[in-house]
Amino acid sequence: MQVFHRSANTLSRFSIFGAVFLVAFALWFVYQLNRSPFATGQRDVVTQPVPFSHEHHVSGLGIDCRYCHTSVETSSFAGIPPTATCMNCHKQIWTGAAMLEPVRASLREGEPIRWQRVHRLPEFVHFNHGIHIQKGIGCVSCHGRVDQMPLVWQEKPLSMSWCLECHRAPEEFVRPRDKVFDMTWEPEDQDEIGPRLVRDYGIRSKTNCSICHY
Amino acid sequence: MRPKTETWGLLAEFDDPTSLIEAAEKTREAGYTRIDAFTPFPVEGLHEAIGFHHTKLPMIVLAGGILGFVTGFGMQYFATVIHYPLNIGGRPLNSWPAWIPISFELAILFAAFAAIFGMLALNRLPEPYHPVFNVGRFVLATRDQFFLSIEASDPKFRRDETRRFLEALRPLEVSDVPW
Amino acid sequence: MDPRDPRLPHPQANQPGPQTGRLERAPTIGPGHSFGSITDKISTIVLTRKTSGGWFIGFGIAFAMMMMMLYAIGWLLIKGVGIWGNNNPVGWAFDIINFVWWIGIGHAGTLISAILLLLRQSWRTSINRFAEAMTLFAVACAGLFPLLHVGRPWFAYWLLPYPNTMSLWPQFRSPLMWDVFAVATYATVSLLFWYIGLVPDFATLRDRAKSRPWKILYGFFSLGWRGSAKHWYRYESAYLLLAGLATPLVLSVHTIVSFDFATSVIPGWHTTFFPPYFVAGAIYAGFAMVLTLAIPVRKAFGLQDFITMRHLENMGKVMLTTGLIVGYAYVMEVFYSWYSGNIYEMYVMFNRAFGPYWWTYWLLIVCNIVAPQALWFKKVRTSPLILFVIAMFVNVGMWLERFVIIVVSLHRDFLPSSWGMYSPTRWDFMLFFGTIGLFLTLLFLFIRFLPMISIFEMRTLLPEAQVHED
Amino acid sequence: MTTGRRHLDLAAFGARLSGENAPEYWRALEELAEDPSLHEVLREELARESAATGEGVDRRDFLRLMGASVAMGGLAACTPPAETIVPWVDAPEQLVPGRPLFYASAMELDGVGAGVLVESHMGRPTKIEGNPDHPGSLGATDHFAQASILSLYDPERSGTVRYTGDVSTWAAFVSALQATLQTLRGSGGEGLRVLTEGMSSPTAGSQMREILQRYPAAAWHTWQPVTRDSVLEGSRLAFGRPLQTVRHFGGADVVLALDSDFLAREPGFVRYTRDFMDRRRVRAGAATMNRLYVAESMPTPTGTMADHRVAIPAGEIETLARAIAGEIGVGTRVDAGARSAWAEAVARDLRAHPGRSIVLAGENQPPAVHAIVHAINAALGNAGRTVHYIEPVEANPVNQGESMRRLATDMRAGRVRALLILGGNPAFTAPADLEFARAMDFVPFRVHLGTYYDETSARSHWHVPATHFLEAWSDTRACDGTVSIVQPLIRPLYNGASVHEILAALNEDIRTGHEIVRDFWRERARTGADFDATWNRWLHDGVIPDSALPPVSAPASGAIPAAAPRGAAGIEVVLRPDPMIHDGRFANNSWLQELPKPVTKLTWDNAALMSPATASVLKVANGDVIEIEAGGRTVQAPVWSVPAHADDSITLDYGYGALRTGEVGRGTGTDVYPFRTLAGGDIVRGVTVRKTGRRVRLATVQMHHELAWELADGAGARRNIVRSGTLDRYRENPEFLRVPGLEIKGGPSLYPEWPYETYAWGMVIDTNVCTGCGICTIACQAENSIPVVGKEQVLVGREMHWIRTDHYYKGDPNDPDIGMYNVPIPCMHCENAPCEPVCPVEATSHSDEGINEMTYNRCVGTRYCANNCPYKVRRFNFLSYADFETESYKAMRNPDVTVRSRGVMEKCTYCIQRINEHRIEAEKDGRRIRDGEFTTACAQACPTRAIRFGDLNDSDSDVARLRAEPLNYGMLTELNTQPRTSYLGALKNPNPELARRAAPASSTEPAE
């Protein structure tokens, strides 16, 4: 006597294959998800207490990165400008702008402005701006075209594999020291200058753990 | 899909392996090709009796084993020597003796999968529905009875003729297997 | 009445009487059985409606112990490995002891079903299903420990090789990685092996079950098995191939587990002959556990006809053999520690025998070497009760062996300044006995819902199964 | 745990007290305090608080629970919470975010200053190093300085001015003070008493003198528990006035220490150890050593360095001293009994080195011994050569015991109207026979300036929180008198006041502490106009040039006091400050609490230390609590037997057992102050000992659970862990400690060598100059934010220190001249590290500079690496040991080091954060890192420079040269681990005359 209906045959075989594909798809999905901006937080614009526009200040007014990020060449931390730095200019221009009220308030009350961090590394990762600048890695390489960002967002994934891309092949990313802060610079022939700069700057491709993790 | 024939075939029931085998051999000698036998346990020599001689399962398993070993070794070599070379305790990057155990395990694993799923595939299992189940007494095929079937799709199959032929083999009973 | 009604014996159905006369009795199965009687006897254990009170009591106790395990695991995840007694220098203790112990037990099943199959030992038939189930459950218990013993279990998946955003891979030189693959493979293959063996019996149950839900359930797992000759042929070759694969596998698993220790530098671990020693020990422990379980079950379900004295005696013999091998290993350990002239090795042996944990060592000698000597006597081998007691001794002994190897070696290694002591906490014990609960729970479910003896293979043991040319 | 028992209901308590008027209130509290039930109540309170935090009682448990929840949180937290960056409003000068700054300052302890350099991150002091320009430091520190950073951030420091226990304000205090002073002014300050700790601050001294001019009838008392009265009295006997000795070990060939732990305890030891050890560094071509004789009761770090050591009860040192003096021709010959042979030999050796030897006596030896020592040094012509004398550096060099006795008597007599206790905790530490705490109640106006709200605070009307030395301006003198300005790095975290500010208030002086100190020195600086420049240079250098006190010519009157009548015979008790928590002021400092004490390796407890022989005579085992009785005073303490301790002598460390301390210190150890009296002194003879039947578990980090003696000794020797011999053997054959087949490299290997082209970091540790003081351990703890685990965890063997100092004995435990050796053990950074191949997740790997890296964030915690480490230097976070909650500790931690969570392995990294920092700096100016440009925290703090770190690829680096020394050896090299950390063997320089008595040198020499 039959226990199952005819269709059970097709059904059972189909479901076996179905299961295989389902699992495969799930794995692929998770894999993609981990690399997606959703996970890395790329390109989502962070609202700041003051809507400071890098686009305006950098490409518009042509202010050098180091005018505000003073310690970027010397320290691990690039430095966020004190209110005083803003007011150097803004006590002359836009003195009444409502947009700048928080800045003036900060100076008045001696209360620092609390900026939202955009580029965040886990606390077990130690990144040093100074040495990267020194070895000819441009701001753009990691921060993207900040001069085109009204409000700054995170351009690159900042994942370990992303760091390794450069640490394994610095010659593909290194640029002349005088072009480090140049937002628009494009190499004519990276294959030519890359190896030369790696030699000149004594860049060693370091990928052992304690370079970043300690 | 159902072929043209109005029944699946005929099913003859025997009550011990010996008579089943004799019957199966006679049937084959009679020139029937699409025959099969159903028993509660593997009966020695029955597959020859119904003219079924070899399976390519061992080859499949061998292939699975080789694939497993290569996969295992390749994965470890790639990860350790090519993708992220690290100095681990001063050992060489290609510490191939250390790759052996995992390669071996994967060889076994793949071979085992090949054996099981190969067998199921060749047997076209799972097949929860099969016409022979329509025969009431067929439930005894998993207890203590032995069955011989001739499919209607057999070129030599003529309904009455074949039934007469089977009854000549002195089974307990011959029954039609409806679709 | 409908001639198709299976419940009626066929009018011309022949009686087994005449044949039995002219056949010698098969020694591995009781007399007077027919295909039908075997089928009914075993399948009724599963298909019978009402469950015995004894089963409920046993299951209740086992289940309670399993709950205790879950509690211990929960607290472990909340607080950390520190709730155990592990310390510096004893980084591994109950966690790895239990792992190795369970894995060892998990060896008998595959061994019986695979190696004895290849050796054409027909007596294996009635115990292999049972032993395989035991294997699976033991491996399940064993698998818990490597996962739980790590400091951050929620990152344990890092031991799997998968592409990740850190572009990192596992470190394949580590014996722990070998473990991951060995144990996973072993569990998978054992499961498949076990399931494939069950398929024809599922078919039997499908056709015997009274209620439709059960028919569907068993039918689902039987994959529509119909006993076709072609299927049987491929089935048998697949089964044989699997046995051929499982044999080296089962040997490799404990070999690799022994590598965890053998490839290290710790005196008492750093030893080339651990693999054979561990494998022998595993078989030893495995058979002990089979006996521990088979003897009561056989009594409870009246299976004396299927699990006969001969089975018990054979298992006793296997235990005696492997026990002697293990004993030889113990002697050799002492010998080469002296022969090596290596002060660390020498001290380790001294410390095992006369150090603070001396009693574990001597107790282990008693359990694993002295007690089993009784198996030389047929009287002992054929007395279920004594066999059971000896099996118990061996179960304890094999656990102690791992304690001596792991804890006693670690607690005093190279620098006397960093020597320490180890004492387990209540959480150690709760987790250990908890896993025994898990093991028994699964076992109780198994004997209630699945045929604990391979029906179709039992059929082949009957004289009627033989095809006689004439 | 408190059900059905009486709780201390604080509300009701307060109500009851406020209901009564002040004097009664004090009596009431006093009764409460004396009533043991109060202790019980407090304990219940404590229990109740912690009951809420899960099982267990101590703070660590609470942290574990929190840590667990953090860890579980970590599971869920896939997207971390938003972070904010808070810039300055107006950035200060020369401060670059992300880069530390170093400031020179000085730490004063017991009236002696030590110069320090303080590392500051964004205005937060995070680490203390020695000041190389400071004569008392020479770049090294003591363990107190290292640990003081933790005390600075201690959340349990007193944080507010209190009046009768209730929160009050500084202003209220000042006005109350003024009011009281008004009443006293008429009588010229009659009844005004100021009690300070011993201090050397010139500013404070002058402030006090001004006050005493204002109030002629007032008096200045001084008490520090670790008193140096007998030193001063000794010099009075010898020179007729109190003088202080300055020693020049550089010129001393023979040193005799009479119960003096001058290498690890006494003032200025950081400098003295360095000078002394510079005479013991045996290098190829410079095979000379000084010779050290030590006679002591309890083995000290100094004792472990001795070439010849006798273990005798402290009470018999005097006899020995007289005997030696007699041999030298000072005073009459005295028979030293069993030790006369030793005494003669030592005397002969001393006589053979006139002007090139030093004899010194321990601080707790009676004045007579010090007088004898002065006489001997004079007789040997050492005075003016290897020792010279200066006026005491203390601002108030009085006999503190006497000063206290007078104060207590006056208090009882009601002659004290106002008492200002500036620092210290006299209610707890004052000599027991004065019953100071009781006497306080007779004073109507009591003020206490203290870091914690302690016993003294509780008995004072006013409690004013004291500043930490990193919080306030001051000045202090080094052991040779050199002055350092104490420069604050941070505003008071717990709004405390400094001594100067209180004294100013007393003086109706409205200047800030800064102005007070600065003005004081402006007057003295003979620079006048450009004082600012001078001042800034002083601050920068950390010392005031040429401010050392001038030597005074002091002809010792050759006469030595007649022998005092021997005290009662029998067992003696020697009281000494605890090596780690000192007089108790560091009881709440968990770093010091968990730092293993030298020789005993005990943590978190003090114990009755005695020789195994004495223990067996008394039929007591380790952990048995005994009751010691003398003169009606009793103290109970657990027994701990110490090989090489003198028989019939029990050593008790005071400082433990304070009832009013923070969570950390509460319940640790036993209070032995009740046993310490002015009459009895520090050596109490003829005590009776009784077993109580109670047992306590003592937490030691080495030889847990009383490891059998033979194993500790024999094994240590046979395993070639310690390699030692004599100077003579070295002279015969410098390579005599080499073991064939145990070279660090060159063993057969299947593997090709890994190249290390750039740098190859390595470390060499000279066991010949290691005193086992443990300063390296605590320096490492401070640098690498290593958590403490608490006594319970130490008991199960889970201490976290990255570098430990193993202590080995050589020879027969009953031999008084037993050899003792200290072996610091950090990670060996093996080139063939056994730990790395066993890690399944690449959490530990090798850098291209040969560092054995530990990547915490990748670690899953299998502990396989720790098992497979032959040196057992890996440490596992079994529970959540790191304190993730306390805000102040977050500010304290080194921002360059990751805080390790639960379930993660950690270990010595050769201070990888320093390596990386300096590599980056070097790369920026395109050069290699210079040798000595930086070093590891342990090496930097080590007073003896036993630890050297550097680049082995640089052939003329310090460390590379040491590695080439014939005495250099690697540990467990038979495993072909190829360790980067190697050792220099230890040598003894025995006196040939006594050599036969020296323990057989061969026993730790490798068997050829």
Side-chain angles (χ1 to χ4, degrees), chain A residues 38-39 41 46 48-49 68-87 103 106-118 120 122-126 128-135 160 200-214, chain D residues 78-92 95-100 122 757-758 784 842-859 895-901 904 906 909-917 919-927:
Chain A
F38 174 78
V46 185
Q48 301 288 4
C68 300
H69 304 291
T70 48
S71 56
V72 71
E73 289 170 296
T74 52
S75 164
S76 58
F77 182 51
I80 298 294
T83 315
T85 309
C86 311
M87 295 307 280
V103 184
S106 159
L107 197 68
R108 252 199 329 275
E109 289 134 28
E111 261 304 307
I113 306 172
R114 299 184 173 274
W115 300 97
Q116 293 300 314
R117 186 180 271 282
V118 177
R120 184 168 57 206
E123 68 282 2
F124 50 74
V125 180
H126 296 266
N128 184 305
H129 275 94
I131 190 63
H132 287 84
I133 299 293
Q134 197 60 28
K135 295 289 183 181
M160 178 168 163
D200 298 351
Y201 297 166
I203 299 175
R204 270 172 289 121
S205 144
K206 281 193 162 289
T207 55
N208 58 286
C209 312
S210 64
I211 285 300
C212 312
H213 303 296
Y214 49 87
Chain D
C78 298
T79 52
E83 279 177 34
T84 57
I85 310 178
V86 184
W88 303 89
V89 174
D90 197 351
L95 188 141
V96 180
R99 300 198 61 178
M122 305 293 284
E757 282 108 1
T758 54
N784 294 299
E842 285 175 338
T844 180
S845 53
H846 236 66
S847 87
D848 56 358
E849 296 173 1
I851 300 283
N852 170 243
E853 328 170 288
M854 184 65 224
T855 316
Y856 311 121
N857 46 305
R858 177 67 174 173
C859 178
D896 299 333
V897 176
T898 310
V899 182
R900 282 79 62 189
S901 78
V904 171
E906 60 184 73
T909 63
Y910 270 173
C911 288
I912 186 72
Q913 65 278 13
R914 295 185 177 196
I915 296 177
N916 282 338
E917 180 194 339
R919 191 198 301 105
I920 285 171
E921 289 317 305
E923 291 278 337
K924 280 187 195 162
D925 7 345
R927 56 172 175 84

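For clarity, every value in this text was computed on a predicted model and none was experimentally measured. Residue numbering restarts at 1 for every chain, and letters A, B, ... go by the order of the sequence lines.
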Q: Against chain A, label D/Val96 side chain, backbone, both or neither, depending on which of its atoms sit under 4.5 Å from a heavy atom there.
A: side chain
Q. A/Thr83: what forms a side-chain contact (heavy atoms from CB on, under 4.5 Å) with it, not counting sequence neighbours?
A. A/Met87, A/Val103, A/Ser106, A/Leu107, A/Ile113, D/Val89
Q. Can you name the closest pair of heavy atoms from D/Pro97 and A/Ser75 and give their distance?
A. O-OG, 2.6 Å
Q | Reported CD-to-CG distance for the pair D/Glu921 and A/Asn128, which is rounded to 0.5 angstrom | A | 7.5 Å
Q: Mind listing the closest non-hydrogen atom pair of A/Thr74 and D/Lys924 along with its distance?
A: O-NZ, 2.7 Å
Q) If you count heavy-atom pairs under 4.5 Å between each of A/Glu123, A/Glu111, A/His126 and chain D, which one has the most? A) A/His126
Q: Check the surroundings of atom CZ in A/Arg114: do more than 12 heavy atoms from other residues, nucleotides or ligands lie under 6.0 Å from it?
A: no
Q. So which heavy atom on A/Tyr214 is nearest to which on D/Tyr856, and how close?
A. C-CE1, 4.0 Å
(Q) So for A/Pro81, is it side chain, backbone, both, or neither that comes closer than 4.5 Å to the heavy atoms of chain D? (A) backbone
Q: Would you mind checking which part of D/Ile851 comes under 4.5 Å of any heavy atom in chain A, side chain (CB onward), backbone (N, CA, C, O), both or neither?
A: neither
**Q.** Distance-minimising heavy-atom pair for D/Pro87 and A/Pro112
**A.** O-CB, 3.1 Å
Q: Check whether any side-chain N or O of D/Asn916 sits under 3.5 Å from a backbone N or O of A/Ser210 as a donor-acceptor pair, and report yes or no.
A: yes
Q: Please look at D/Thr844 and chain A and tell me whether the side chain, the backbone, both or neither of the residue comes under 4.5 angstrom of a heavy atom of that chain.
A: neither
Q. Side chain, backbone, both or neither: which part of D/Thr909 has a non-hydrogen atom closer than 4.5 Å to chain A?
A. neither
Q: Would you sort out whether D/Glu853 and A/His213 count as a side chain to side chain contact (heavy atoms under 4.5 Å, CB included), showing the intermediate values?
A: CA-CA 9 Å; D/Glu853 328 170 288; A/His213 303 296; over 6 Å; no
Q | Portion of D/Glu906 that has a non-hydrogen atom of chain A nearer than 4.5 angstrom | A | neither
(Q) Walk me through whether A/Lys206 and D/Arg919 qualify under side chain to side chain contact (heavy atoms under 4.5 Å, CB included). (A) CA-CA 12 Å; A/Lys206 281 193 162 289; D/Arg919 191 198 301 105; 4.1 Å; yes
Q) What part of A/Ile133 gets closer than 4.5 Å to chain D, counting heavy atoms only: side chain, backbone, both or neither? A) neither
